*Asks:* 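Before I ask anything, let me first share the structure, which is written out below as structure tokens.
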Amino acid sequence: MTVQVLASRDVQTTLNYHTPLDTQPPYNYVDAPPAGVPRTNVGEDTRPVVVHDARGQGGSLGLDVSGFQFVHHPSVEKDFADEDKIKTVYYTEVEDILKKYAGAKRVFIFDHTIRRSSVAQTAPSKAPLRGPVQRVHVDQTFVAAAERVEHHLGDEAERLLKGRYRIINVWRPIANPVAHNPLAVADYRSVDPDKDLISTRHIYAHREGATFSVKYNPRAQVVLLV
């Protein structure tokens, strides 16, 4: 028997992976589903995993290497409780981050999400609060990423889609290191896209996108930094 030895800051935990609840193509309703229809037909396959500490890995991680990158960038925005301030002040910071670290020539921010539980909310907030997503997933499929360009950038989409485009999530902890439900990411080099990623309809009230649910793969390397 082989016993895995954990590094001092690695964490033994569980993650929830994709499992189908019926024989229909996977789907998830963002808002309330039609009467009598379950919100999703994707279940949770809970598996034990080791989440590795990303500190000290330095040059072995990067957007074009592992699919993610950690940067140190203090923000002037501290509370993330005012929707207007987030869009006017913080969006500008995010544009600067993506231009500096991702080499972006142009940045279009189409959405943001505040992940903060109602228990942790200590001050009035004008920003909608949403708790953490408890299932391993990818926010956009390859097809949905291209459709996002068409949806948001209209007449420019055809030209932009001929070049390189990327959807990049920019996450940061609010006020303090995240002690509960921290963000973890998978090293893309350890993921098998053809076997691990399951396209899942992501149904809004007025349009439809697609995400990837993720099947368990014991070879996948998961890391975090909080």
Side-chain angles (χ1 to χ4, degrees), residues 16-44 67 77 80-95 97-98 102 104-118 121 124-172 174 181 183 185 193 196-215:
N16 299 318
Y17 292 89
H18 172 91
T19 190
L21 295 179
D22 58 31
T23 59
Q24 300 301 311
Y27 71 84
N28 178 69
Y29 280 91
V30 179
D31 303 305
V37 177
R39 188 162 199 146
T40 184
N41 64 347
V42 176
E44 296 180 352
E77 175 59 38
F80 292 90
D82 187 312
E83 192 83 353
D84 294 333
K85 190 176 178 183
I86 291 171
K87 292 180 178 180
T88 56
V89 177
Y90 188 61
Y91 274 25
T92 300
E93 290 187 13
V94 172
E95 288 188 27
I97 291 171
L98 293 175
K105 295 180 180 179
R106 179 182 175 187
V107 177
F108 179 84
I109 301 174
F110 63 81
D111 194 10
H112 70 266
T113 299
I114 306 299
R115 298 288 184 196
R116 179 191 278 137
S117 71
S118 58
Q121 181 65 30
S125 173
K126 293 193 294 182
L129 305 180
R130 295 164 61 185
V133 176
Q134 302 283 0
R135 188 171 64 243
V136 181
H137 65 283
V138 181
D139 281 350
Q140 310 284 338
T141 65
F142 307 121
V143 172
E147 290 176 346
R148 277 284 186 183
V149 177
E150 295 173 342
H151 178 72
H152 294 290
L153 296 171
D155 294 341
E156 299 179 83
E158 183 177 358
R159 174 180 60 82
L160 293 171
L161 289 172
K162 293 178 180 178
R164 188 184 190 193
Y165 60 94
R166 291 186 283 183
I167 294 180
I168 299 177
N169 287 353
V170 178
W171 293 95
R172 73 163 62 240
I174 298 174
N181 296 303
L183 176 70
V185 290
D196 300 343
L197 305 183
I198 309 299
S199 182
T200 302
R201 297 171 62 202
H202 201 58
I203 306 170
Y204 299 90
H206 303 295
R207 61 178 294 267
E208 183 173 319
T211 65
F212 282 126
S213 297
V214 181
K215 294 174 64 177

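Quantities reported herein were computed from a predicted structural model and do not represent experimental measurements.
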*Asks:* Which heavy atom of S213 sits nearest to which heavy atom of R135, and what is that distance?
*Replies:*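 For S213 versus R135, the nearest heavy atoms are OG-NE, 4.4 Å.
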
*Asks:* Run the side-chain contact (heavy atoms from CB on, under 4.5 Å) check on L98 and V94 step by step: do they pass?
*Replies:* CA-CA 6 Å; L98 293 175; V94 172; 4.0 Å; yes

*Asks:* Would a 4.5 Å heavy-atom cut-off, applied to side chains only, mark I97 and R172 as touching?
*Replies:*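 Heavy-atom side-chain distance check passes, below 4.5 Å.
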
*Asks:* Taking only residues two or more places apart in sequence, or in another chain, which ones meet T19 in a side-chain contact (heavy atoms from CB on, under 4.5 Å)?
*Replies:*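 Applying side-chain contact (heavy atoms from CB on, under 4.5 Å) to T19 gives D45.
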
*Asks:* Return the minimal non-hydrogen interatomic distance between Y27 and P38, and the atom names on each side.
*Replies:*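 Shortest heavy-atom separation between Y27 and P38 comes out as OH-O, 3.0 Å.
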
*Asks:* Within the 4.5 Å heavy-atom criterion, are R106 and L160 side-chain neighbours or not?
*Replies:*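 Yes, at least one pair of side-chain atoms sits under 4.5 Å.
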
*Asks:* Which pair of non-hydrogen atoms, one from E77 and one from E93, has the smallest distance, and what is that distance?
*Replies:*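 So the two residues come closest at N-OE2, 4.1 Å.
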
*Asks:* Would I109 and K87 satisfy side-chain contact (heavy atoms from CB on, under 4.5 Å), going step by step from the backbone distance to the final call?
*Replies:* CA-CA 9 Å; I109 301 174; K87 292 180 178 180; over 6 Å; no

*Asks:* Where do Y29 and V37 land on the side-chain contact (heavy atoms from CB on, under 4.5 Å) test, with the steps shown first?
*Replies:* CA-CA 10 Å; Y29 280 91; V37 177; 3.9 Å; yes

*Asks:* Using side-chain heavy atoms (C-beta onward) and a distance below 4.5 Å, is D139 in contact with I167?
*Replies:*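 The answer is no, as the side chains (C-beta and beyond) never meet within the 4.5 Å cut-off.
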
*Asks:* Apply the side chain to side chain donor-acceptor pair (under 3.5 Å) test between N41 and each candidate in N28, T23, D22; give the one that qualifies.
*Replies:*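 Single side chain to side chain donor-acceptor pair (under 3.5 Å) partner of N41 among N28, T23, D22: D22.
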
*Asks:* What is the minimum heavy-atom distance between D31 and A205, and which atoms define it?
*Replies:*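 Shortest heavy-atom separation between D31 and A205 comes out as OD2-N, 3.7 Å.
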
*Asks:* Could you give the distance from CD (E44) to CG (L21), rounded to the nearest 0.5 Å?
*Replies:*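 These two atoms lie 9.0 Å from each other.
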
*Asks:* Can you find a heavy atom in the side chain of N181 that is under 4.5 Å from one in the side chain of Q134?
*Replies:*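 Sidechains of Q134 and N181: in contact.
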
*Asks:* Relative to the ring of H112, is the ring of Y91 parallel (under 30°), tilted (30 to 60°) or perpendicular (over 60°)?
*Replies:*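 Perpendicular: the ring planes of Y91 and H112 meet at over 60°.
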
*Asks:* With rounding to the nearest 0.5 angstrom, report the CG to OH distance, D82 to Y90.
*Replies:*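 Rounded to the nearest 0.5 Å, the CG-OH separation comes out at 15.0 Å.
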
*Asks:* Could you state the interatomic distance from OG1 (T200) to NE2 (H18), rounded to the nearest 0.5 Å?
*Replies:*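 Reported to 0.5 Å precision, the distance equals 6.0 Å.
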
*Asks:* What are the two closest non-hydrogen atoms of F108 and H152, and how far apart are they?
*Replies:*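 Where F108 meets H152 most closely, the heavy atoms are CE2-CB, 3.4 Å.
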
*Asks:* Can you measure from OG1 (T141) to CD (E147) and round to the nearest 0.5 angstrom?
*Replies:*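 With rounding to 0.5 Å, OG1 (T141) is 7.0 Å from CD (E147).
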
*Asks:* Tell me if a side-chain donor or acceptor on R39 pairs with a main-chain N or O of V30 at a distance below 3.5 Å.
*Replies:*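 The answer is yes, because a donor-acceptor pair under 3.5 Å joins these two groups.
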
*Asks:* For the CD atom on E158, are there more than 12 heavy atoms of other groups (residues, nucleotides or ligands in this structure) within a distance under 6.0 Å?
*Replies:*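 It does not: E158 CD has 12 such atoms or fewer within range.
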
*Asks:* Roughly how far, to the nearest 0.5 Å, is OG1 of T211 from CD1 of I198?
*Replies:*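 I198 atom CD1 to T211 atom OG1 measures 11.0 Å (nearest 0.5 Å).
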
*Asks:* Run the numbers on I174 and I114 for side-chain contact (heavy atoms from CB on, under 4.5 Å), then give the verdict.
*Replies:* CA-CA 9 Å; I174 298 174; I114 306 299; 4.1 Å; yes

*Asks:* Just by modelled atom types, is the F110 backbone N or O under 3.5 Å from a matching donor or acceptor in the R148 side chain?
*Replies:*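 No: the side chain of R148 does not pair with the backbone of F110.
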
*Asks:* Search all heavy atoms of A144 against all heavy atoms of A210 and return the closest pair with its distance.
*Replies:*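 Looking at all heavy atoms of both residues, the closest pair is CB-O, 3.4 Å.
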
